[in-house]
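Written out below as structure tokens is the structure these notes cover.
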Amino acid sequence: MSDYLSEEEQLERLKGWWGRNGTGLLTGLALAVAGLVGWRWYDQSTTEARQSASDVYESFLAAEGDARTAFAEQLDESDAGSAYQAFTLLHRAREAVEADRIEAASAYLQRVIDANSPNSLQDLARIRLARLHQQGGDGAAALAVLAGVRGSGYRGLAQELKGDIHVARGERALAHEAYRSARQEMGDDRERPILDIKINDTAPPEQPDPPQPAAQPAAPEPESAESEPESGEPELESAETPPE
């Protein structure tokens, strides 16, 4: 009988606990299941989107003419800011430079920067855009673009390009400082003979040591009044010497 009452008490306690917590438990379980299903759906959709963007990029590389432009515009619409869109813009910028369409090339590179592309690709676009400004004679615009380079993989190249711009502007001290910074960024273990030549070429000339003041000759000591006559001088006869 006691065992039966004990089971009845346990059952009543279980019912009470379920009444207090059952709804929250079911809600939490439902949220967990929904979260798991949602994550799997998001991961699958993201993987499919990446695969789709990769396929479009491969088609872009293989296409020519209007078809190539159409694939690039498709990536612009569906994958803005992705690495694949940045790759297509970099390709289009290079083709524009080869066709001597510098303004179009600059616009493509600026789009890589403005589209929140991966940081490394943004830095690459900044380096190339700065070179276009430099070649166009706008050193100030080139320096402004290079100021945005942040990645360690491109800081050395940015500093070397800054040095080239300062040399063209006649600012040799600033050029030397930029070249030295580039060398530090690239590390001493990497051989960069041309950069080393630039560093040495812009180094300030060595200043000669200032001349030392000439030693002053020592003043002669005055002769004593009681000094002996020098040899060879006739001794004066004393007034007390009796005549012979």
Heavy-atom check, side chain of R172 versus side chain of H166, under 4.5 Å: no
Within one Ile-Leu-Val-Met-Phe-Trp-Tyr cluster: L90 and L61, side-chain cutoff 4.5 Å: yes
Closest heavy-atom pair and its distance - A63, R68: O-NH1, 3.4 Å
Contact check, side chains of Q122 and V149, non-hydrogen atoms, under 4.5 Å: no
Cluster check L174, L146: I/L/V/M/F/W/Y, side chain < 4.5 angstrom: no
For G163 against A175, the heavy-atom pair lying closest together: O-CB, 3.4 Å
N/O donor-acceptor pair under 3.5 Å between R101 side chain and E98 backbone: no
Side chain N200, main chain D196, donor-acceptor under 3.5 Å: yes
Donor on one side chain, acceptor on other, Y179 and D164, under 3.5 Å: yes
CD (Q110) with more than 12 external heavy atoms under 6.0 Å: yes
M186/L157 under side-chain contact (heavy atoms from CB on, under 4.5 Å): CA gap, chis, key distance, verdict: CA-CA 8 Å; M186 295 178 183; L157 292 175; 4.3 Å; yes
Distance in Å, S59 OG paired with L75 CG, rounded so as to fall on 0.5 Å steps: 9.0 Å
Q134 side-chain N/O to A130 backbone N/O, donor-acceptor pair under 3.5 Å: no
Heavy-atom check, side chain of Q135 versus side chain of L132, under 4.5 Å: yes
Pairwise side-chain contact, F60 with R92, heavy-atom cut-off 4.5 Å (strictly under): yes
Donor-acceptor under 3.5 Å (S117 side chain, I113 main chain): no
D138 side chain vs A141 backbone, donor-acceptor pair below 3.5 Å: yes
For the student: nearest non-hydrogen atoms of I165 and A142, plus distance: CD1-CB, 3.5 Å
Pairwise distance CG(L109) to CG(D114) - rounded to 0.5 angstrom: 11.0 Å
Heavy-atom side-chain contact between H176 and D201 under 4.5 Å: no
Min side-chain heavy-atom separation I102-D100 under 4.5 Å: yes
Under-4.0 Å salt bridge between K162 and E171: no
Side chain R155, main chain R150, donor-acceptor under 3.5 Å: yes
Approximate separation, where rounding is to 0.5 Å, of S106 OG and H133 NE2: 5.5 Å
Side-chain touch E160/K198, heavy atoms, less than 4.5 angstrom: yes
I197 CD1 to R192 CZ distance, which is reported to the nearest 0.5 Å: 11.5 Å
Check: D123 side chain, G151 main-chain N or O, donor-acceptor pair, under 3.5 Å: yes
Atom CG of D76 with >12 non-hydrogen neighbours under 6.0 angstrom: yes
Rounded distance [0.5 Å steps], CG in L89 versus CZ in R111: 5.0 Å
Side-chain (R131) to main-chain (L161) donor-acceptor, under 3.5 angstrom: no
Ring-ring centroid check Y57 Y84, cutoff 6.0 Å: yes
Spacing of CZ belonging to R169 relative to CG belonging to L143, to within rounding of 0.5 Å: 5.5 Å
